[in-house]
Amino acid sequence: MLSESQSIAKLTDFLDENFIEATQNIYNSKGRLVVTGIGKSAIIAQKMVASFNSTGTPSLFLHASEAIHGDLGMVQNEDIVICISKSGNSPEIKVLVPLLKRFGNTLIAITGNTTSFLAKGSDFVLNTTVDAEACPNNLAPTNSTTAQLVMGDAIAVCLMEMRDFKAEDFAVYHPGGALGKKLLLRVKDMLEHTLKPMVAPDASIKKVIFEISEKRLGVTAVVDQDKVIGIITDGDIRRMLNDRDSFADLTAKDIMTKNPKLVSSTAMVVDALNTLEDFSITQLVVVDNGEYKGVLHLHDILKEGIV
């Protein structure tokens, strides 16, 4: 691990105008970014493509050996090509580079050999030289592939900054799973409108208990003239029963909690979750412009797998 981390640290010494101009060319390109390689470098290329696509740079993976057997047809005139190769001298690379240059595509090399065939045939060379591999025999690609991966990440992050790529943009490309839900899911998406517990301020405690039980949210809003003036939770009911032998003379307004925590239906669910955690509560009353919309419950958020 130390060997690989040291190899990465040395990459900063290799950053020069080539990196700046290569990244600027990708940013200004009207085409796509095609990333190619062979062997372990091909696997790194696939990861780079995944990172670029998810951060706003349309990208394609092209296997170097398949490129010279027909797949080169996926490369269009305005595309920029990144070619990854430790040695820069593999047979496939030697065949592929002249073909790409013949088509007039801008070629960016990521290589550990700056005097290689690939480096000499490229418009920009990003140096990923490592002193040795972490492998005890100095054979298995370890330090070299990690260096390639980090160089690709550096390009992706720079492009994100150049595009002012925000969390909202990231969410567009990650709509599924916990990440997508954190970035996209709003309170209104989780409201069950058929379960909208509410009672009037003068409602009997029996009516309050019935409403809480029927709507199964552990709470009911107390609504007066279409305005939420308080809430009653099942905890409030338990405390009332502990404190009194009779509740026949009580109404909703007598046991409600005034000024409950509110949230807008357009708020992000992850922000609502933070509010629940900050105040150690399990429900939020959803209100839009004074209109009662429903109740958001912590359990529903947990069911969505956001945390």
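Hydrogens, waters and symmetry mates play no part in the numbers below; they use all other heavy atoms, side chains included.
A salt bridge links Asp153 with Lys47; the closest basic N to acidic carboxylate O contact falls under 4.0 Å. Taking a cutoff of 4.0 Å between a charged side-chain nitrogen and a carboxylate oxygen, Lys10 and Asp13 do not qualify as a salt bridge. A salt bridge is absent between Lys207 and Glu214; no separation between the charged side-chain nitrogens and carboxylate oxygens falls under 4.0 Å. Between Lys101 and Asp123, at least one side-chain N (NZ, or NE/NH1/NH2) sits under 4.0 Å from a carboxylate O, which counts as a salt bridge. Salt-bridge formation is not detected for the pair Glu161/Arg163: no Lys NZ or Arg NE/NH1/NH2 atom is positioned less than 4.0 Å from an Asp or Glu carboxylate oxygen.
Going from atom CZ of Phe14 over to atom CG of Asn127 covers 4.5 Å, rounded to the nearest 0.5 Å. The CE atom of Met256 sits 13.5 Å away from atom OG1 of Thr233, with the distance rounded to the nearest 0.5 Å. For the atom pair CG (Asn25) and CG (Leu107), the distance works out to 11.5 Å, reported to the nearest 0.5 Å. If you take CE on Met198 and CG on Asp226, they are separated by 8.0 Å, rounding to the nearest 0.5 Å.
Using a 30° and 60° split on the angle between ring planes, His299 and His297 fall in the tilted class, from 30° to 60°.
The local environment of CG in Asn28 is crowded, with over 12 non-hydrogen atoms from other residues, nucleotides or ligands closer than 6.0 Å.
Of the residues listed (Val81, Leu72, Val75), the one engaging Thr36 in a side-chain contact (heavy atoms from CB on, under 4.5 Å) is Val81, and it is the only one. Exactly one residue among Thr142, Asn143, Asp131 makes a side-chain hydrogen bond (donor to acceptor under 3.5 Å, both in side chains) with Ser3. That residue is Asn143. Under the side-chain contact (heavy atoms from CB on, under 4.5 Å) test applied with Ser144, the options Lys86, Lys40, Glu4 reduce to a single match, Lys86. For the side-chain contact (heavy atoms from CB on, under 4.5 Å) with Leu284, the qualifying choice from Leu298, Val219, Val263 is Val263, the only one to do so.
For the pair Leu276/Asp278, no side-chain contact is recorded, criterion being any heavy-atom separation below 4.5 Å from C-beta on. The closest side-chain heavy-atom distance from Val34 to Phe61 is not below 4.5 Å. A 4.5 Å side-chain heavy-atom check between Arg244 and Leu250 finds at least one atom pair inside the cut-off. Between Ile82 and Ile26 the shortest side-chain heavy-atom distance falls below 4.5 Å. A 4.5 Å side-chain heavy-atom check between Gln283 and Leu217 finds every atom pair outside the cut-off. Proximity of Thr111 to Ile84: side-chain heavy atoms (C-beta onward) are nowhere separated by under 4.5 Å. A 4.5 Å side-chain heavy-atom check between Phe19 and Ile155 finds at least one atom pair inside the cut-off. Between Val222 and Ile231 the shortest side-chain heavy-atom distance does not fall below 4.5 Å.
The two atoms that bring Val269 and Val187 nearest to each other are CG2-N, 3.6 Å, heavy atoms only.
For the residue pair Thr266 and Ser264, a side-chain donor N or O sits within less than 3.5 Å of a side-chain acceptor on the partner.
Between the side chain of Arg186 and the main chain of Ala267, no donor-acceptor pair closer than 3.5 Å is present. Using a distance-only test at 3.5 Å, with no hydrogens or angles considered, a donor-acceptor pair links the side chain of Thr12 to the main chain of Ala9. Checked by atom type and distance alone, the side chain of Asn18 pairs as donor or acceptor with a backbone atom of Val125 at under 3.5 Å. Remark: the backbone N or O of Glu133 is paired with a side-chain donor or acceptor of Asn138 at under 3.5 angstrom. Between the side chain of Asp224 and the backbone N or O of Pro201 there is no donor-acceptor pair closer than 3.5 Å.
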(message) Could you walk me through whether Arg239 and Asp236 satisfy the salt bridge (Lys or Arg N to Asp or Glu O under 4.0 Å) test, starting with their C-alpha distance in whole Å, then the side-chain angles of each, then the deciding distance to 0.1 Å, before giving a yes or no?
(response) CA-CA 5 Å; Arg239 284 186 288 273; Asp236 293 326; 2.7 Å; yes
